[in-house]
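Down below is the structure, laid out as structure tokens.
Below, all heavy atoms of this structure are taken into account, side chains as well, without hydrogens, waters or symmetry copies.
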Amino acid sequence: MDNLPLIDLHCHLADEQYTVNEILDIIFNCQKENIILFSMSTNFDDYQINLNYSNYPNVFIGFGIHPYEAHKIIKNNFWQEEIEKIFQTPNPKLKFIGEVGLDLYRIPETQNQQIEVFEFFVYLATKYKLPLSIHSRKAEKEAYYILNKYQKQTPLSAVFHSFTCIDKELINKIIENNWYFGFNGIITFKKSHELQEVIKYIYQAKGNITCETDSPYISPEPYRGKKNYPQNIKIIYEKIKSILNTDKFINQLPIETKAIES
Ligand SMILES: [Zn+2]
């Protein structure tokens, strides 16, 4: 049990907040500490950077267009072809479609473009059988609705990354579909009581709980407000164990474990 790796299921190595030296430090330190990273992409440039680092054994990657970028990408007439090309190129380290989704909090005015791009990625998830890492800020129900529409035709796998919704009905539907909830530094914040109750509820209902840092964003306490690093995944694991009052918590994964063993 002790040598199970810790898994950061959603971080951003390609984020401009990190220097090249910092990224290499992160990768080597994580290797030493038996931490596996899933580095998400928010656009094509990110993906090229992630692709380079995916040569390291403990780095896996995702490709997606973030909802903040959806309205930019669809100005290109061939956006769908260009996105699909990435999944047509065989790559054993490409394990996720992400980060994709909807954000009705920060940029509700691009809702229609966001939906168009997200739906295309959900279609690709069914076609290429990859799990989705979904951003759904103030848009959990809308994201659920789209996933459910496609799931009726072909089963799909999805992680609701950075989950903060407390709506029991929606939580139950996600559990029924055997999808995943991603929790990060937010659960260490002082005002996270309701979210901590949500974690307990999901655990008791045998729902799938995953850990992530969303580095360089959302540093857990006591580093709140500072730049975040995937090594802080240890704090997230410990916090979840203390909320659930168990040592037996294991990160559930939407991918086969043998696929990430080196
Ligand atoms: Zn993210």
If we only count heavy atoms from C-beta on, is the P131 to I97 side-chain gap below 4.5 Å? no
Going by distance alone, is a donor N or O of one side chain under 3.5 Å from an acceptor N or O of the other, for H12 and D46? no
Please check if atom CD in Q153 has more than 12 non-hydrogen atoms from other residues, nucleotides or ligands closer than 6.0 Å. yes
Within a reach of under 6.0 Å around NZ of K138, are more than 12 heavy atoms found that belong to other residues, nucleotides or ligands? no
To the nearest 0.5 angstrom, please state how far the OG1 atom of T164 sits from the CD1 atom of I187. 12.5 Å
Under a 3.5 Å cutoff, is there a donor and acceptor pairing between the side chains of Q114 and H71? no
Decide whether S136 and E140 meet the rule of one side-chain donor and one side-chain acceptor closer than 3.5 Å. no
Modelled atom types, side-chain donor and acceptor of S41 and N50, under 3.5 Å: yes
4.5 Å side-chain heavy-atom contact, T89 and L94: no
Anything under 30° is parallel, anything over 60° is perpendicular, the rest tilted; go ahead and classify H135 against H161. tilted
Atom CD1 of I240 and atom CZ of F183: how far apart are they, to the nearest 0.5 Å? 7.0 Å
I'd like to know if the side chain of S133 pairs up with that of H10 as donor and acceptor (distance under 3.5 Å, no hydrogens or angles considered). yes
Answer yes or no: is there a donor N or O on one side and an acceptor on the other, between the side chain of N172 and the main chain of K168, under 3.5 Å? yes
Under 6.0 Å from the CD1 atom of I166, do we count more than 12 heavy atoms belonging to anything else shown? no
Answer yes or no: are there more than 12 heavy-atom neighbours, outside E194 itself, under 6.0 Å from its atom CD? no
In sequence, state the C-alpha distance, the side-chain angles, and the governing distance for E33 and K234, and then conclude on salt bridge (Lys or Arg N to Asp or Glu O under 4.0 Å). CA-CA 10 Å; E33 300 191 67; K234 289 172 284 184; 2.5 Å; yes
Would you please indicate if the ring centroids of F160 and Y180 are separated by under 6.0 Å? no
Counting neighbours of CD on E16 that are heavy atoms of other residues, nucleotides or ligands and sit closer than 6.0 Å, is the number greater than 12? no
Residues 222-229, side-chain donor-acceptor partners within the protein, below 3.5 Å, at least two apart:
| residue | atom | partner | partner atom | Å |
| --- | --- | --- | --- | --- |
| K227 | NZ | Q17 | O | 2.8 |
| K227 | NZ | E22 | OE1 | 3.0 |
| K227 | NZ | E22 | OE2 | 2.9 |
| N228 | OD1 | N232 | ND2 | 2.8 |
| N228 | ND2 | T213 | O | 3.1 |
| N228 | ND2 | Y217 | O | 2.9 |
| N228 | ND2 | I218 | O | 3.3 |
| Y229 | OH | E22 | OE2 | 2.6 |

Can you check whether V122 reaches L147 side chain to side chain, under 4.5 Å on heavy atoms? yes
Within a reach of under 6.0 Å around CD of E81, are more than 12 heavy atoms found that belong to other residues, nucleotides or ligands? yes
More than 12 non-hydrogen atoms from neighbouring residues, nucleotides or ligands closer than 6.0 Å to OH on Y128, yes or no? yes
Evaluate the ring planes of Y47 and F63, with Trp represented by its six-membered ring, and classify them as parallel (under 30°), tilted (30 to 60°) or perpendicular (over 60°). perpendicular
Would you find a donor on one side and an acceptor on the other, under 3.5 Å apart, between the side chain of N177 and the backbone of I174? no
Any side-chain heavy atom of I236 sitting closer than 4.5 Å to one from P220? yes
Checking K93 against F60: charged group under 6.0 Å from the ring centre and within 45 degrees of the axis? yes
Determine whether K200 and E197 satisfy the following criterion, salt bridge (Lys or Arg N to Asp or Glu O under 4.0 Å), listing intermediate values before the conclusion. CA-CA 5 Å; K200 285 184 205 165; E197 289 306 312; 3.2 Å; yes
Working to the nearest 0.5 angstrom, can you tell me the gap between I255 CD1 and L130 CG? 9.5 Å
Which pairs count as salt bridge (charged side-chain N to carboxylate O under 4.0 Å, His left out) when at least one residue sits in residues 115-131, sequence neighbours excluded? E84-K127, E119-K149
